[in-house]
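As structure tokens, the structure follows; a few thoughts come after it.
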Amino acid sequence: MGTVSHDAINQFKALMDQVEEPLKRAYQNVHQGYHAETLARFLKAREWNLIKAHKMLVDCLHWRVQNEIDNILTKPIIPADLYRAVRDSQLIGMSGYSREGLPVFAHGVGLSTFDKASVHYYVQSHIQINEYRDRIVLPTASKKYGRPITTCVKVLDMTGLKLSALNQIKLMTIISTIDDMNYPEKTNTYYIVNAPYIFSACWKVVKPLLQERTRKKVQVLSGNGRDELLKIMDAASLPHFCKREGSGSSRHSEYANENCFSLDHPFHQQLYNYIKQQSLVSEPTQPIKQGSVHVDLPEPAAEGTEIVKTIESEMHKLENGNGLSGSLDGLKINDNSDYRTTHCP
């Protein structure tokens with residue numbers, strides 16, 4: 001990190017020292033003691049423009065206060081059957097750690113349906129996973145490895161990607177925009193596996209629309225990516241859909257506790273139990289409330305809207321031109337600087 005970067009971070013820190021409650025308390029939940037790394041993330045997201053980065057972070061803090069994000073880990077999705085339905089249709093999980101100590105998050109892009117609950121439950125669950133990652137998983141990893149670990153790696157499984165995913169593109173754009181505005185630069189690398197045959201057609205169209213630093217984060221691997229991923233993580237940390245030769249379904253695994261998307265997986269059990277315990281701590285004499293948490297849903301940025309329109313046009317062109325009625329030959333990326341698939345955070 002050069003002198004200019006250090007100077008920008010120091011100036012940024014001085015500005016943030018001036019914020020008052022309740023923003024100051026919200027900021028503590030954002031940085032978790034890692035001020036420099038947090039400020040650097042927001043600066044990177046705004047091309048090291050201090051004024052824009054400061055506005056982005058302050059806007060993020062206002063969003064957290066207005067939507068009570070600091071309390072979202074005290075609001076479990078109940079009953080458990082409803083949460084299981086969310087997990088079965090919003091395929092995301094944590095499979096382990098890279099050899100550098102970065103958490104490995106897996107996303108079942110192609111097989112997520114988002115058809116078992118309202119949009120508010122999916123948004124709530126997505127934010128809860130983000131917050132649990134940032135407040136529990138990353139600080140724990142930092143202590144274990146003796147250095148700041150503030151980012152993760154993501155493995156995106158494209159198995160089963162279909163044109164019908166366009167039906168959820170509005171919801172996915174909302175989730176993506178929440179991440180871009182409030183959780184920037186949290187992903188070190190995106191690994192794409194089990195990509196469909198003509199995946200490259202849309203990638204060629206989308207790639208030039210992205211900023212360079214985002215393009216450098218995306219790696220499209222051959223097949224299920226097993227051999228390449230084993231270079232950065234042990235076999236035990238591979239997502240279940242990367243452990244077998246060939247692609248196959250990533251929705252189910254032979255053993256439920258190996259499927260990192262399943263509520264039965266240790267990560268989701270720990271997450272769900274943590275949220276339930278926190279709800280009892282915050283309101284020990286009150287029954288746990290049912291119903292979803294309503295978070296203000298942002299409008300997508302102009303750049304993200306342009307990319308979505310480009311992908312939709314390209315997919316319909318491929319479908320009509322090649323008769324591929326069952327294939328979704330593309331993905332949606334919002335760059336702020338995170339890579340986003342049509343469904344992924």
Legend entry - Donor-acceptor contact present, side-chain Gln269 to main-chain Leu263, <3.5 Å: yes
Legend entry - Any donor-acceptor pair under 3.5 Å from Thr38 side chain to Tyr34 backbone: yes
Inset, instruction - Check ring pair (Phe, Tyr, Trp, His ring centres under 6.0 Å) between Tyr121 and all other residues, then give those that pass, not counting sequence neighbours. - result: none
Inset, instruction - With sequence neighbours left out, write down each residue that passes side chain to side chain donor-acceptor pair (under 3.5 Å) with Arg215, or none if nothing qualifies. - result: none
Legend entry - Charged N-O contact under 4.0 Å between Arg41 and Glu37: no
Inset, instruction - Assign the ring pair His240 / Phe261 to parallel, tilted or perpendicular, where the plane angle (0 to 90°) is split at 30° and 60°. - result: perpendicular
Inset, instruction - Sequence neighbours left out, what passes salt bridge (charged side-chain N to carboxylate O under 4.0 Å, His left out) with Lys13? Give chain and number order. - result: Asp17
Inset, instruction - Go through the structure and list residues passing salt bridge (charged side-chain N to carboxylate O under 4.0 Å, His left out) with Glu21, not counting sequence neighbours. - result: Arg25
Legend entry - No-hydrogen, no-angle side-chain donor-acceptor test under 3.5 Å, Arg87 and Ser125: yes
Inset, instruction - Given side chain to side chain donor-acceptor pair (under 3.5 Å), test Asn194 with Asn224 step by step and report yes or no. - result: CA-CA 5 Å; Asn194 296 325; Asn224 64 12; 5.5 Å; no
Inset, instruction - Mark yes or no for whether His265, through its side chain, and Phe267, through its backbone, hold a donor-acceptor pair below 3.5 Å. - result: yes
Legend entry - Ion pair Lys116/Asp88, N-O distance below 4.0 Å: no
Inset, instruction - Report the distance from atom OG of Ser5 to atom NZ of Lys44, rounding to the nearest 0.5 Å. - result: 9.0 Å
Legend entry - Residues Ser89 and Tyr122: side-chain donor-acceptor under 3.5 angstrom: yes
Legend entry - Flag, side chain of Ser112 to backbone of Val109, donor-acceptor distance under 3.5 Å: no
Ignoring hydrogens and angles, write down the donor-acceptor pairs under 3.5 Å from the side chains of residues 70-77, residues two or more places apart or on other chains.
residue, atom, partner, partner atom, Å
Asp70, OD1, Asn29, ND2, 3.1
Asp70, OD1, Arg64, NE, 3.3
Asp70, OD1, Arg64, NH2, 2.9
Thr74, OG1, Asn71, O, 2.6

Inset, instruction - Ignoring hydrogens and angles, tell me if any N or O in the side chain of Arg46 forms a donor-acceptor pair with the backbone of Lys55 under 3.5 Å. - result: no
Inset, instruction - Considering only NZ, NE, NH1 and NH2 on the basic side and carboxylate oxygens on the acidic side, decide whether Glu185 and Lys217 come within less than 4.0 Å. - result: yes
Inset, instruction - Report yes if some heavy atom in the side chain of Ile275 is under 4.5 Å from a heavy atom in the side chain of Tyr132; otherwise report no. - result: no
Inset, instruction - Say whether Asn130 and Asp179, considering side chains only, have a donor N or O and an acceptor N or O under 3.5 Å apart. - result: yes
Inset, instruction - Answer yes or no: is there a donor N or O on one side and an acceptor on the other, between the side chain of Thr187 and the main chain of Cys152, under 3.5 Å? - result: no
Legend entry - Donor-acceptor contact present, side-chain His54 to main-chain Leu43, <3.5 Å: no
Legend entry - Residues which pass side-chain contact (heavy atoms from CB on, under 4.5 Å) with Asp134, listed by chain and number, not counting sequence neighbours: Leu138, Tyr183, Lys186
Legend entry - Val293 backbone acceptor or donor facing Gln124 side chain under 3.5 Å: yes
Inset, instruction - Answer with yes or no after comparing the ring centroid distance for Tyr27 and His35 against a 6.0 Å cut-off, counting only values under it. - result: yes
